[in-house]
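Below is one structure, written out as structure tokens; the observations come after it.
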Amino acid sequence: MDKRNLNIAVIGAGVIGSSVAKELQKELRNSNITVIADAFHEDTASCVAAGIFRPGPSFKGSTREITKQWIDYSWNYWSEIMNSSDAAQAGIMPLPVYIFSKTNYHVTRNHLIEDLVPIYRECDVDELKMCGKGWKYGSYYLTLKIECDKYLPWNEVLFKQNGGKILKQKVESFSSLKDYNLVFNCTGMGSKYLCNDHDLVPIRGQVIKVNAPWLKTSFYGDYDTYVIPGMDGNATLGGCRQYDSYNMEVDKYDSASIWERCCDLVPSLKKAKVIGHKVGLRPHRVPVRVEREVMDGLSVVHCYGHGGYGVMVAPGTAKTAVQIAVDALKRNSQSKL
């Protein structure tokens, strides 16, 4: 297998495409790798997300085993960066979390990470009183957070230093990529049109960005309410999950609901300065699509449909996507699959 003459395209420059490109440089070191996208850094959906490592029950790979492998590998990947000298520049930070509910004990538990994070325990009576009245159930755990407005530029610098290329353009069809031996499709919602995938639907999210430097802990409450602090003293307030909505405009009613719920959960937010409002479309698919397909004679490895958990699990799905390509190369020693 001659890897030196392989021309590989990665479509999409969000956290999925960025992670695939990095994994490719590790596994196929002598290949020519180009990331092609029409949006980079803060213009990607990845930078709307708060980036907390917290999988939801709707996140599923093709099997339970694969889903857990993705989560475990990603946790170890992010933890390694967090514990390195690059943590601040890469935007990775530890984050303690409280999750409360007035109605449902089960929403405060997370079977996908309880055995993974260093701490995951039930709240005591005093902790249930931290955020107003009426909270009956709660858990505390220690996780981490990935800030893509820092991670994506950091990773891009490493990618270029290792010989990677960046091309800004919109890919309308796979037929336009005939000059490449292998293509990785990491276009998120773009895959709905690029692949004519009717199983991929948007779940609209809207958040408020505020400056609240006193917040050091994240809080979750009922009705998809969350307050997630980050670096530089800023925090993300949310949220909403609107199935099959393509609305990219800021909705004043969603903003009012988010603000009211978050201030009820964490009253000190009433004095926080609002920086702005952001909207993003989560590319939701069950299961997440990580598989190879031959399209018009072109070998394409898909990696999309992560919903609201792409930032969290990008390293794990990227590893599987690249391994699928490596296995295909081993079965075919020709440079063009």
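None of the values given here were measured: they were computed from a predicted structure.
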Any side-chain donor near an acceptor of the partner, E80 and N76, under 3.5 Å:
no
Item to complete: Flag the pair F40 / L152 as yes when at least one side-chain heavy-atom distance between them is below 4.5 Å, and no otherwise.
Response: no
The reported gap from CD1 in I81 to CG in L144 (rounded to nearest 0.5 angstrom) is 10.0 Å
Next on the checklist: For V326, is there any backbone N or O sitting under 3.5 Å from a side-chain donor or acceptor partner on E27?
Outcome noted: no
Got a donor-acceptor contact below 3.5 angstrom from the K150 side chain to the A88 backbone?
no
Taking the basic N atoms (NZ, or NE/NH1/NH2) and the acidic carboxylate oxygens, is any pair closer than 4.0 Å for E172 and K170? no
Is it true that the side chains of H306 and T317 contain a donor and an acceptor less than 3.5 Å apart?
yes
**OP:** Indicate yes or no for a side-chain donor-acceptor contact from K273 to the backbone of N211 under 3.5 Å, with no hydrogens or angles considered.
**Re:** no
Grouping I, L, V, M, F, W and Y whenever their side-chain heavy atoms are under 4.5 Å apart, do V210 and V227 come out in a common cluster? yes
dist H302:NE2 -> T187:OG1 (nearest 0.5 Å) comes out at 9.0 Å
Residue pairs meeting ring-ring contact (aromatic ring centres under 6.0 Å, His included), one or both in residues 6-32, sequence neighbours left out, come to none
Just by modelled atom types, is the Y223 backbone N or O under 3.5 Å from a matching donor or acceptor in the R261 side chain?
-> yes
- Which class fits the ring pair Y309 and F59: parallel under 30°, tilted 30 to 60°, perpendicular over 60°? perpendicular
### Task
If the plane angle is over 60° it's perpendicular, under 30° parallel, otherwise tilted; pick one for Y151 and W154.
tilted
When every non-hydrogen atom of F53 is compared with those of I71, the smallest separation belongs to CZ-O, 3.4 Å
To the nearest 0.5 Å, atom CD1 of I203 lies from atom CE of M189 at 10.0 Å
- [ ] For the pair S218 (side chain) and V97 (backbone), establish whether a donor and an acceptor sit closer than 3.5 Å, ignoring hydrogens and angles.
- [x] no
Would you say D296's side chain and L298's backbone share a donor-acceptor pair under 3.5 angstrom? no
Go through L269 and L215 one step at a time and tell me if the side-chain contact (heavy atoms from CB on, under 4.5 Å) criterion holds. CA-CA 9 Å; L269 285 171; L215 285 179; 3.7 Å; yes
Original post:
Linking I/L/V/M/F/W/Y whenever their side-chain heavy atoms sit closer than 4.5 Å, directly or via other members, would W75 and L142 fall into one cluster?
Top reply: no
Exercise for review: Run the numbers on W135 and C123 for side-chain contact (heavy atoms from CB on, under 4.5 Å), then give the verdict.
Suggested key: CA-CA 11 Å; W135 301 110; C123 291; over 6 Å; no
Polar side chain donor-acceptor pair, N110 to Y141, under 3.5 angstrom:
no
- Message: Applying a strict under-4.5 Å side-chain criterion to I, L, V, M, F, W and Y, I'd like to know whether Y98 and Y137 cluster together.
- Response: no
query = Does S139 reach the main-chain N or O of T108 with its side chain, forming a donor-acceptor pair under 3.5 Å?
reply = yes
Main-chain N/O of S79 paired to N83 side chain as donor or acceptor, under 3.5 Å: yes
Mind checking whether L177 and I36 have side chains closer than 4.5 Å, heavy atoms only?
yes
Looking just at side-chain N and O atoms, do Y140 and R121 make a donor-acceptor pair shorter than 3.5 Å?
-> no
So do I228 and Y220 actually touch side chain to side chain, heavy atoms under 4.5 Å? yes
Discussion item. Is it true that E293 and N185 share a donor-acceptor pair across their side chains at a distance under 3.5 Å?
Written reply: no
Rounded to the nearest 0.5 angstrom, the SG-CG distance for C131 and L265 is 4.5 Å
- prompt: Charged N to carboxylate O below 4.0 Å: is that the case for D251 and R204?
  reply: no
To the nearest 0.5 Å, atom NZ of K209 lies from atom NZ of K278 at 5.5 Å
Please step through side-chain contact (heavy atoms from CB on, under 4.5 Å) for the pair N7 and D179, ending with a clear verdict.
CA-CA 8 Å; N7 290 318; D179 291 338; over 6 Å; no
Less than 4.5 Å apart, any side-chain heavy atom of R292 and any of S299? yes
Practice problem: Answer with yes or no whether the side chains of E156 and S18 bring together a donor and an acceptor at under 3.5 Å. | Solution: no
Distance to the ring centre below 6.0 angstrom and angle to the axis at most 45 degrees; does that hold for R54 and Y226? no
- Message: Whether the side chain of S257 engages the backbone of Y253 through a donor-acceptor N/O pair (distance < 3.5 Å, no angle test) should be reported.
- Response: no
query: With a 4.5 Å heavy-atom cut-off, do P229 and L95 have their side chains touching?
result: yes
The reported gap from CG in N196 to OG in S191 (rounded to nearest 0.5 angstrom) is 11.5 Å
Looking only at atom types and distance, does a side-chain atom of S84 sit under 3.5 Å from a main-chain N or O of D86, one as donor and one as acceptor? yes
